[in-house]
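What follows is one structure encoded as structure tokens, with my remarks underneath.
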Amino acid sequence: MNDNAATPKQEHEPGTHPNWPAPILTSGPIAWMRDNLFSSPFNVILTLLALWVLWIIIPPIINWVFIEAIWSATDRKDCWAQMSEPEAGACWAFIQSRLSLFIYGFYPEAERWRVNLCFVMLILFLLPILWDKCPGRKYLLWYCIAFPFIAGWLLIGGFGLTPVPTNEFGGIMLTFIIGVTGIFFSLPIGVALALGRISNMPALSTICVIFIEFIRGVPLIALLFVASTMLNYFLPPGTTFDLLMRVLIMVTLFSAAYIAEVVRGGLQAMPRGQYEAADALGLTYWQSARLIILPQALKISIPGIVNTFIGLYKDTTLVIIIGMLDPLGIGRAALADAEWAGLAREVYLFIAVFFFLCCFGMSRYSLYLEKKLHTGH
Amino acid sequence: MKFKPTLILSAATLALGITSGAQAGTLEDVQKRGSLNCVVSTGVPGFAYTDESGEWHGFDVDFCRATAAAVLGDAKKIKAVTSTGKTRFTLLNSAEGDVLWRNTTITFSRDVGVKLRFHGVNYYDGQGFLVSKDLGVNSAKELDGASVCIQTGTTTELNLADYFFANGMKYEAVPIETNDEGRQNYLAGRCDVYTTDASGLAATRSTFTDPANHIILPEIISKEPLGPATRHGDDQWSDIVTWVYYATVTAEEKGVTQANVDEMKSSKDPEILRLLGVEGNQGEELGLPADWAYQIIKQVGNYGEIFDRNIGPNTPIGLERGLNALWTEGGLQYSPPFR
């Protein structure tokens with residue numbers, strides 16, 4: 001700091017000078033604050049303003065969410081009676097009383113172990129896919145291929161288990177089913193569509209272009225309406241085609257079209273030389289796609305792919321429009337209970353936190369994957 | 001580049017030319033399936049909501065249960081097909097639901113244009129105004145210049161404009177989307193008045209911290225007759241739904257309740273005997289068991305009991321019978337005779 005002052009007398013022999021910490025004003029939190037928060041009068045004002053706004057906002061929120069909150073009560077009036085004044089705090093007792101409804105929807109109580117088992121199996125399913133150092137990964141990947149079918153059997157029943165109609169599915173479980181199925185099946189379909197679109201075969205690429213552009217040109221809501229109502233007009237009377245299945249197909253196709261475009265971006269970002277090098281090596285189309293093209297293209301596309309997945313996951317709330325009760329729908333039906341009505345803030349906050357955790361998790365994982373796969377070119 | 005033959009999924013062939021929709025034989029379908037699919041709302045206080053265990057309750061749901069009791073002999077055998085205002089009629093017309101019990105206003109365009117069959121009015125509603133007592137207003141005629149919270153794109157919006165125009169008054173509309181939003185805006189003082197169907201106002205008011213400080217003005221400015229609907233083209237099924245509703249009204253009129261229905265089987269009133277299937281063959285004519293109406297009253301109750309249980313004065317909703325009292329008590333609920 002005092003570079004211009006007279007140089008202090010040297011008190012150490014050359015080479016024996018101890019390593020002193022940097023002056024307090026050039027490193028550490030104080031220096032950081034001087035550099036970032038108080039570097040100019042204008043910044044000082046902004047910082048103080050921001051602190052003041054936080055001071056106004058945060059304590060009441062913490063007070064409402066935690067301090068004054070009520071965790072057990074029989075109904076809204078009981079809840080409010082326990083607070084210093086009505087609505088002073090959150091009434092989490094409401095969420096607690098509906099928790100099983102939020103998680104399982106209308107799934108029969110006696111069969112809920114099947115859903116629990118599926119949740120556990122889902123974690124086992126995600127582990128080897130997301131973590132490449134997972135022990136026994138080779139064998140677990142076979143399990144991963146089988147998982148959607150085992151889970152489908154467990155949830156729907158039949159073959160020895162009590163059948164559960166899919167209109168009793170709901171809540172977080174329904175979100176997971178639609179989200180995971182959409183993500184699991186849309187990636188391979190999307191990659192195939194992307195390869196098809198840039199293929200040299202005119203017929204194939206035309207079909208892929210028409211499909212992708214059609215799906216991208218129609219809102220998901222419209223597709224869901226077609227799934228829920230129009231299909232019944234087209235199919236012969238008496239044909240019943242499960243509504244959940246129709247929704248799954250529509251959601252998967254919808255997100256596949258977007259994945260296809262994201263992956264095509266990755267494919268086109270690769271230097272032409274990579275394709276030519278693969279051909280020069282005498283690789284077949286599938287070999288070059290598997291060994292050279294896709295590994296690089298997918299790596300480039302990771303942010304876009306995860307972005308699409310997060311979008312898909314949040315779009316699952318749209319199924320409320322066609323009368324399926326995802327957490328949002330369960331919340332709405334529960335809010336109509338006169339014993340509890342009026343606690344909309346608690347319900348929507350709970351759902352928001354649930355979706356935030358899921359989506360934030362996905363986005364952090366995508367960052368980790370990008371860093372891991374970054375090879376520096 | 002070499003391509004191996006690629007599997008191309010052939011598009012599913014759509015069976016063109018086959019129009020679905022109205023099918024005869026809903027009764028047989030329901031009996032074969034063993035459960036009744038009712039189109040209900042995703043949630044309206046007092047009319048359709050779920051409890052902790054996920055069971056559906058409410059005024060509309062009870063009528064759905066009454067229908068199941070008549071057709072299947074078991075009020076529990078219902079399946080709620082939840083619908084929004086937009087999807088309710090398509091769900092019914094595409095046969096996803098057998099009958100619609102979902103606080104639906106009967107209008108000309110719905111009856112004729114959407115090709116539905118409506119079966120009497122099980123709840124007479126009307127648009128009302130909710131104001132704070134602090135406003136010092138006792139009549140809707142005094143609302144000149146008020147700001148009004150109003151759901152956009154509904155008939156209530158049009159009714160409001162008509163009413164204020166007809167009375168030479170001005171208002172400032174505060175557009176809202178959902179009932180929850182209306183509640184928050186009204187409580188935050190962003191509007192002086194909240195207007196929607198009177199039953200909805202009562203339900204909303206019951207969720208306030210100080211319900212006694214808010215009043216619903218006496219003026220009801222529109223007719224909102226709510227009733228069940230079925231598809232065109234199945235007259236037998238339509239008759240069943242119609243007379244399920246009438247059976248509950250007749251039972252109340254004749255004093256037949258859930259508690260005394262067994263004693264009433266030995267009543268001296270021939271209409272009660274016909275209603276309960278002790279005499280006559282009315283069940284058979286409908287294609288139902290002779291005790292169909294007995295099952296309704298035994299398992300669900302008469303009109304008054306359904307009303308009191310879900311939306312009556314002793315519930316948090318706290319609605320008076322008003323127009324929905326029996327015709328003998330100055331209301332409009334009136335059933336043709338069981339003869």
Side-chain angles (χ1 to χ4, degrees), chain A residues 75-77 80 85-87 97-98 100-101 104-107 109 165 167-168 170 196 199-201 203-204 207 225 228-239 243 279 284-286 288 320-325 329-345 348, chain B residues 1-4 6 8 14-16 18-21 23 29 35 37 39 41-58 79-84 86-88 90-91 93-96 178-181 183-184 203-204 206-210 310-311 315-318:
Chain A
D75 60 21
R76 185 191 65 243
K77 291 211 173 97
W80 284 355
E85 60 180 293
E87 295 198 306
S97 81
R98 302 299 163 119
S100 65
L101 211 54
Y104 304 105
F106 305 101
Y107 211 79
E109 218 154 340
N167 60 8
E168 291 181 3
S199 130
N200 293 335
M201 290 164 79
L204 186 63
I207 290 174
F225 267 123
S228 92
T229 56
M230 298 299 292
L231 277 183
N232 270 29
Y233 286 110
F234 294 138
L235 295 170
T239 337
L243 179 61
D279 287 345
T284 67
Y285 176 78
W286 292 110
S288 75
I320 192 181
I321 310 270
I322 56 167
M324 299 184 96
L325 297 185
I330 296 278
R332 217 191 262 188
L335 277 175
D337 183 351
E339 299 278 318
W340 290 102
L343 301 176
R345 274 177 289 189
Y348 291 124
Chain B
M1 241 180 239
K2 227 169 50 177
F3 277 98
K4 292 216 173 114
T6 319
I8 299 171
L14 296 177
L16 293 172
I18 300 171
T19 49
S20 165
Q23 302 160 247
D29 287 350
S35 70
N37 293 340
V39 179
S41 146
T42 49
V44 173
F47 287 83
Y49 61 90
T50 55
D51 66 5
E52 276 92 351
S53 59
E55 287 281 312
W56 284 90
H57 296 283
K79 227 173 253 171
V81 179
T82 48
S83 72
T84 60
K86 296 181 193 83
T87 56
R88 52 186 157 183
T90 24
L91 284 174
N93 272 332
S94 64
E96 295 272 331
T178 64
N179 193 38
D180 283 326
E181 205 182 314
R183 177 185 182 275
Q184 299 292 357
T204 306
S206 73
T207 69
F208 291 176
T209 49
D210 54 345
N310 294 299
I311 48 180
T315 65
I317 311 278

What part of [X] gets closer than 4.5 Å to chain B, counting heavy atoms only: side chain, backbone, both or neither?
| X | value |
| --- | --- |
| A/Tyr104 | neither |
| A/Arg76 | side chain |
| A/Ser97 | both |
| A/Asn167 | side chain |

A/Phe106 vs A/Leu101, side-chain contact (heavy atoms from CB on, under 4.5 Å): CA-CA, chis, key distance, verdict: CA-CA 7 Å; A/Phe106 305 101; A/Leu101 211 54; 4.2 Å; yes
Under 3.5 Å, is there a donor-acceptor pair between the side chain of B/Arg183 and the main chain of B/Thr207? yes
Is there a donor-acceptor pair under 3.5 Å between the side chain of B/Arg88 and the backbone N or O of B/Val39?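 The answer is no, because no donor-acceptor pair under 3.5 Å joins these two groups.
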Among all residues two or more places apart in sequence or in another chain, which pass the salt bridge (charged side-chain N to carboxylate O under 4.0 Å, His left out) test with B/Glu181? none
Value rounded to 0.5 Å, distance of OH in A/Tyr285 from CG in A/Asn200: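 The OH atom of A/Tyr285 sits 8.5 Å away from the CG atom of A/Asn200.
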Among [options], residue most engaged with chain B (heavy-atom pairs, under 4.5 Å):
| options | value |
| --- | --- |
| A/Leu243, A/Leu335, A/Leu325 | A/Leu325 |
| A/Ala334, A/Ala333, A/Ala341 | A/Ala333 |
| A/Glu85, A/Arg98, A/Glu168, A/Glu109 | A/Arg98 |

Below 3.5 Å, can you tabulate the donor-acceptor pairs from side chains in residues 45-53 of chain B to any protein atom, sequence neighbours excluded?
| unit_1 | atom_1 | unit_2 | atom_2 | d |
| --- | --- | --- | --- | --- |
| B/Asp51 | OD1 | B/Ser53 | N | 3.0 |
| B/Asp51 | OD1 | B/Ser53 | OG | 3.1 |
| B/Asp51 | OD1 | B/Gly54 | N | 3.1 |
| B/Asp51 | OD1 | B/Glu55 | N | 2.9 |
| B/Asp51 | OD2 | B/His57 | NE2 | 3.0 |

